[in-house]
Chemist: 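Sharing a structure here in structure tokens format.
Residue indices begin at 1 and follow the sequence shown. Reckoned from all heavy atoms, side chains included, excluding hydrogens, waters and symmetry mates. Owing to the predicted nature of the structure, the values given are computational and were not obtained by experimental measurement.
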Amino acid sequence: MPQKNKHIPVITLPAGIGEGIIIARSSVDGSPNFKEVERSHRDGGHSFILQEKGATRIEIDFQEYKIQAPAIMYMHPNQVHRVIGFKKATISSWIITNENLHPELLQLLEDLTPVVPLSLNKETQTLLSTTASLCIQLSERKQEKLYHQILKESCNTLVALVASQYLAKSKPTQNHSRFEVITKAFRSLLEHNFITIKSPMDYAKQLNISTPYLNECVKNTTGFSVSYHIQQRIVLEAKRLLHHSDRSVKEIAGDLGYEDHSYFVRLFAKIAGITPLAFRTKNHD
């Protein structure tokens with residue numbers, strides 16, 4: 001098995017390139033021929049792929065997707081992914097760090113995660129491609145006195161346009177039921193606290209509601225209990241670490257808040273249907 005990192009690799013943005021923003025357009029066919037994107041990794045910012053021609057095959061958190069033009073794909077910095085290949089693809093892609101996103105946009109992206117590739121109509125694709133072209137042009141005008149401000153604002157406009165497309169496909173907030181509002185709040189809390197908070201009762205307390213009512217809301221909205229969602233989130237993170245790092249099962253258990261690593265092994269096997277070590281062996285790079 002090839003040598004792995006102690007932690008999941010993170011592709012950080014090169015110094016001096018827009019200080020936390022990178023945007024480019026490329027045409028590729030076949031393999032990426034770039035080992036950093038071919039191996040599983042996280043990006044150091046919010047990533048976007050605008051598929052203008054052809055197709056891109058990508059794996060995100062153990063699920064393979066085909067992005068077929070015209071389409072857009074957004075990936076959160078937490079998501080582990082790798083590019084499998086391209087078929088006569090032309091893509092505009094950009095990465096933007098948290099500190100470069102307007103706070104309301106950052107919150108919006110947090111609420112959207114995770115998403116799937118989104119097909120675009122021709123008019124929307126043209127608008128996004130034109131905006132991306134402008135951002136690329138602005139990224140090259142490094143002599144501008146307000147270079148970073150101009151690049152940041154233009155890329156925020158581009159991100160807002162993408163977020164708008166995803167929002168258009170989702171249910172309007174004003175039409176959300178009380179159950180859906182509470183479920184969304186729970187999932188947001190879960191994403192930020194799954195390592196330290198594992199009890200449905202503690203999530204209910206944070207939301208100022210009873211545990212049975214939280215369960216009712218979540219089960220009504222998603223079809224699954226609060227405990228199910230907590231366990232699934234923990235196992236997803238465990239899979240990421242087992243597959244993409246060489247940390248021992250005991251270390252991973254500790255990373256995820258379990259002092260009793262044998263309990264963690266039993267939980268993983270119950271949810272994943274396979275032991276952590278068997279999962280690592282089956283899915284090694």
Side-chain angles (χ1 to χ4, degrees), residues 1-13 30-49 55-67 73-86 93 95 109-110 112-117 187 190-198 224 227-285:
M1 185 189 291
Q3 180 64 39
K4 295 193 177 191
N5 296 310
K6 202 69 176 165
H7 299 281
I8 298 167
V10 176
I11 296 183
T12 52
L13 278 63
S31 165
N33 286 325
F34 185 48
K35 70 176 182 181
E36 278 78 8
V37 300
E38 287 181 281
R39 72 177 183 184
S40 298
H41 66 279
R42 285 181 169 131
D43 287 329
H46 299 262
S47 306
F48 300 82
I49 297 172
T56 297
R57 281 174 58 232
I58 191 166
E59 183 186 273
I60 306 170
D61 284 330
F62 308 99
Q63 188 162 347
E64 190 176 315
Y65 297 93
K66 184 180 182 182
I67 313 172
M73 180 76 216
Y74 160 63
M75 286 176 290
H76 188 276
N78 284 349
Q79 293 185 288
V80 177
H81 56 279
R82 67 184 182 94
V83 177
I84 298 167
F86 302 97
S93 58
I95 303 174
L109 293 175
E110 292 285 348
L112 285 174
T113 308
V115 294
V116 296
R187 294 181 96 155
L190 175 63
E191 186 58 37
H192 292 96
N193 298 283
F194 67 90
I195 291 173
T196 53
I197 302 178
K198 302 203 167 49
F224 297 100
S227 292
Y228 171 89
H229 287 283
I230 295 169
Q231 292 170 348
Q232 289 292 322
R233 184 63 188 86
I234 290 162
V235 168
L236 171 60
E237 202 63 27
K239 284 180 176 179
R240 287 170 170 173
L241 291 164
L242 286 163
H243 187 55
H244 307 306
S245 80
D246 67 358
R247 293 180 73 70
S248 70
V249 172
K250 190 171 184 178
E251 285 175 316
I252 289 169
D255 291 343
L256 297 177
Y258 293 95
E259 287 183 24
D260 181 353
H261 90 280
S262 60
Y263 173 80
F264 166 76
V265 170
R266 291 195 301 274
L267 174 69
F268 185 96
K270 174 187 160 192
I271 304 304
I274 189 172
T275 67
L277 281 177
F279 175 86
R280 171 171 273 168
T281 303
K282 181 181 173 187
N283 292 277
H284 71 78
D285 288 330

Chemist: Which distance, rounded to the nearest 0.5 Å, do you find between the CD of E110 and the CD of E191?
Modeler: 7.5 Å
Chemist: How long is the span from the CD1 atom in I67 to the CD1 atom in I49, to the nearest 0.5 Å?
Modeler: 4.0 Å
Chemist: Show the nearest heavy-atom pair for residues V116 and M73, with the distance to one decimal.
Modeler: C-SD, 3.7 Å
Chemist: Find the distance between CG (N193) and OG1 (T196) and round it off to the nearest 0.5 Å.
Modeler: 4.5 Å
Chemist: Check the surroundings of atom CZ in R233: do more than 12 heavy atoms from other residues, nucleotides or ligands lie under 6.0 Å from it?
Modeler: yes
Chemist: Could you go through H243 and K282, starting from their C-alpha distance and side-chain angles, then the distance that decides it, and tell me whether this counts as side chain to side chain contact (heavy atoms under 4.5 Å, CB included)?
Modeler: CA-CA 9 Å; H243 187 55; K282 181 181 173 187; over 6 Å; no
Chemist: Do the rings of Y258 and Y263 sit parallel, tilted or perpendicular, given the 30° and 60° boundaries?
Modeler: tilted
Chemist: Test your reading of the model: is there a side-chain donor-acceptor pair from R57 to the backbone of G85, 3.5 Å cut-off?
Modeler: no
Chemist: Any carboxylate oxygen within less than 4.0 angstrom of a Lys/Arg side-chain nitrogen, looking at R247 and E237?
Modeler: no
Chemist: For E251 and L241: C-alpha separation, side-chain torsions, deciding distance, then whether side chain to side chain contact (heavy atoms under 4.5 Å, CB included) applies.
Modeler: CA-CA 10 Å; E251 285 175 316; L241 291 164; over 6 Å; no
Chemist: For the pair R280 (side chain) and V249 (backbone), establish whether a donor and an acceptor sit closer than 3.5 Å, ignoring hydrogens and angles.
Modeler: no
Chemist: Can you confirm whether or not the ring centre of F279 sits under 6.0 Å from the ring centre of F62?
Modeler: yes
Chemist: Looking only at non-hydrogen atoms, find the nearest pair between L256 and F264 and report the distance.
Modeler: CD1-CE1, 3.9 Å
Chemist: With rounding to the nearest 0.5 angstrom, report the CZ to CG distance, F268 to L277.
Modeler: 9.5 Å
Chemist: Which atom names give the shortest non-hydrogen contact between I271 and Q231, and what distance separates them?
Modeler: CD1-OE1, 3.2 Å
Chemist: Please lay out, stage by stage, how H46 and M75 fare under the test side chain to side chain contact (heavy atoms under 4.5 Å, CB included).
Modeler: CA-CA 6 Å; H46 299 262; M75 286 176 290; over 6 Å; no
Chemist: Closest approach of A272 and K239, non-hydrogen atoms and distance?
Modeler: CB-CE, 4.2 Å
Chemist: Whether the H41 and H81 side chains hold a donor-acceptor pair (N or O, under 3.5 Å, no angle test) is what I'd like checked.
Modeler: yes
Chemist: Output the distance between atom CD (Q79) and atom CG (L236), rounded to the nearest 0.5 Å.
Modeler: 9.0 Å
Chemist: Please walk me through it: do D61 and Q63 pass side chain to side chain contact (heavy atoms under 4.5 Å, CB included)?
Modeler: CA-CA 6 Å; D61 284 330; Q63 188 162 347; over 6 Å; no
Chemist: Can any side-chain N or O of D260 pair as donor or acceptor with the backbone N or O of S262 at less than 3.5 Å?
Modeler: yes
Chemist: So which heavy atom on R42 is nearest to which on N78, and how close?
Modeler: NE-O, 2.7 Å
Chemist: Output the distance between atom CD1 (I58) and atom CZ (F86), rounded to the nearest 0.5 Å.
Modeler: 8.0 Å
Chemist: List the atom of I95, the atom of S47, and the distance in Å for their closest heavy-atom pair.
Modeler: CG1-OG, 3.8 Å
Chemist: So for atom CD, which belongs to E64, do other residues, nucleotides or ligands contribute more than 12 heavy atoms lying within a distance under 6.0 Å?
Modeler: yes
